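Encoded as structure tokens, the structure appears first; notes follow it.
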Amino acid sequence: VGTNYQISSAQFEHFLRSVDLTDEVGLDFACKAFQLMDLDGSGDVDCDEFFAFVQISKQMPKIQKSILKFFDFVDTNNNGSMTVSEFDSARSYLGLPPLP
């Protein structure tokens, strides 16, 4: 981590390997998490991005519950997937126009 409080994806992966995280599945998951934290797509995660990610992570159970509730609302035939038609129907029910 430099004095500008940023870490690059290469530095992040190097750190993970240095603490003996060498399992490819675990490394892949960690690298995907890094990409999620890199909110501006710069290839680096700065303190603001990291703090934002931590705050979002703290709210994940509540967010996940809301997402599942929304998904159940849209998936009217309960087959476990949303179609554009179901999504447009939900938008119509809410008084919103269909997707273009």
Side-chain angles (χ1 to χ4, degrees):
V1 179
T3 57
N4 60 359
Y5 302 108
Q6 292 182 332
I7 183 171
S8 70
S9 59
Q11 290 169 319
F12 183 66
E13 186 172 348
H14 177 75
F15 166 76
L16 294 174
R17 289 183 187 279
S18 75
V19 294
D20 292 328
L21 178 58
T22 56
D23 173 291
E24 288 304 315
V25 173
L27 278 173
D28 185 53
F29 179 80
C31 289
K32 286 180 181 171
F34 183 91
Q35 290 171 344
L36 288 173
M37 287 186 274
D38 183 14
L39 299 175
D40 64 3
S42 66
D44 296 327
V45 173
D46 62 29
C47 278
D48 290 338
E49 290 171 316
F50 184 74
F51 288 136
F53 188 78
V54 168
Q55 292 296 68
I56 290 168
S57 296
K58 286 181 184 177
Q59 298 298 319
M60 280 311 280
K62 189 186 303 181
I63 293 168
Q64 186 177 24
K65 192 174 188 179
S66 296
I67 289 170
L68 289 172
K69 190 174 183 179
F70 173 77
F71 191 91
D72 287 342
F73 170 72
V74 174
D75 181 23
T76 56
N77 66 0
N78 298 314
N79 70 347
S81 66
M82 279 190 283
T83 65
V84 172
S85 176
E86 287 174 319
F87 193 74
D88 282 344
S89 292
R91 290 179 58 84
S92 175
Y93 179 82
L94 296 171
L96 301 169
L99 293 174

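These numbers were taken from a predicted model, which means no experiment stands behind them.
The two residues Glu86 and Asn77 make their nearest non-hydrogen contact at OE2-OD1, 3.0 Å. Taking both residues in full, the closest heavy atoms of Ile56 and Ile63 are given as O-CD1, 4.1 Å, listed atom of the first, atom of the second, then distance. Minimum interatomic distance between Val45 and Asp38 (heavy atoms only, all atoms of both residues): CG2-N, 3.8 Å. When all heavy atoms of Phe53 and Leu36 are compared, the closest pair comes out as CE1-CB, 4.0 Å. Scanning both residues, Glu13 and Cys31, for their nearest heavy atoms gives OE1-SG, 4.1 Å. For Leu39 against Ala52, the heavy-atom pair with the smallest separation is CD1-CB, 4.0 Å.
No side-chain donor-acceptor contact under 3.5 Å links Asp28 to the backbone of Lys32. Judged by distance alone, with hydrogens and angles left aside, the side-chain atoms of Ser89 form a donor-acceptor pair with the main-chain N or O of Ser85 at under 3.5 Å. The closest donor-acceptor contact from the side chain of Glu49 to the backbone of Asp46 lies under 3.5 Å.
Connection of Leu99 to Phe71 is established within a shared hydrophobic cluster, with ILVMFWY side chains joined at heavy-atom distances below 4.5 Å, either directly or through further cluster members. Hydrophobic clustering, with ILVMFWY side chains joined whenever heavy atoms are under 4.5 angstrom apart, groups Phe15 together with Phe50. Residue Leu96 is grouped with residue Tyr93 when hydrophobic side chains (ILVMFWY) are merged at heavy-atom distances under 4.5 angstrom, including chains of intermediate members. Note on Phe29 and Met37: separate hydrophobic clusters, where clusters join Ile, Leu, Val, Met, Phe, Trp and Tyr whose side-chain heavy atoms are under 4.5 Å apart, directly or indirectly. In the hydrophobic clustering of ILVMFWY residues, with side-chain heavy atoms under 4.5 Å counting as a link, Ile67 and Val74 come out apart.
By the 4.5 Å heavy-atom criterion applied to side chains, Phe73 and Leu94 are counted as neighbours.
If you take CE on Met82 and CG on Asp88, they are separated by 12.0 Å, rounding to the nearest 0.5 Å.
Inspection of the Ser42 and Asp40 side chains reveals an N or O donor paired with an N or O acceptor under 3.5 Å.
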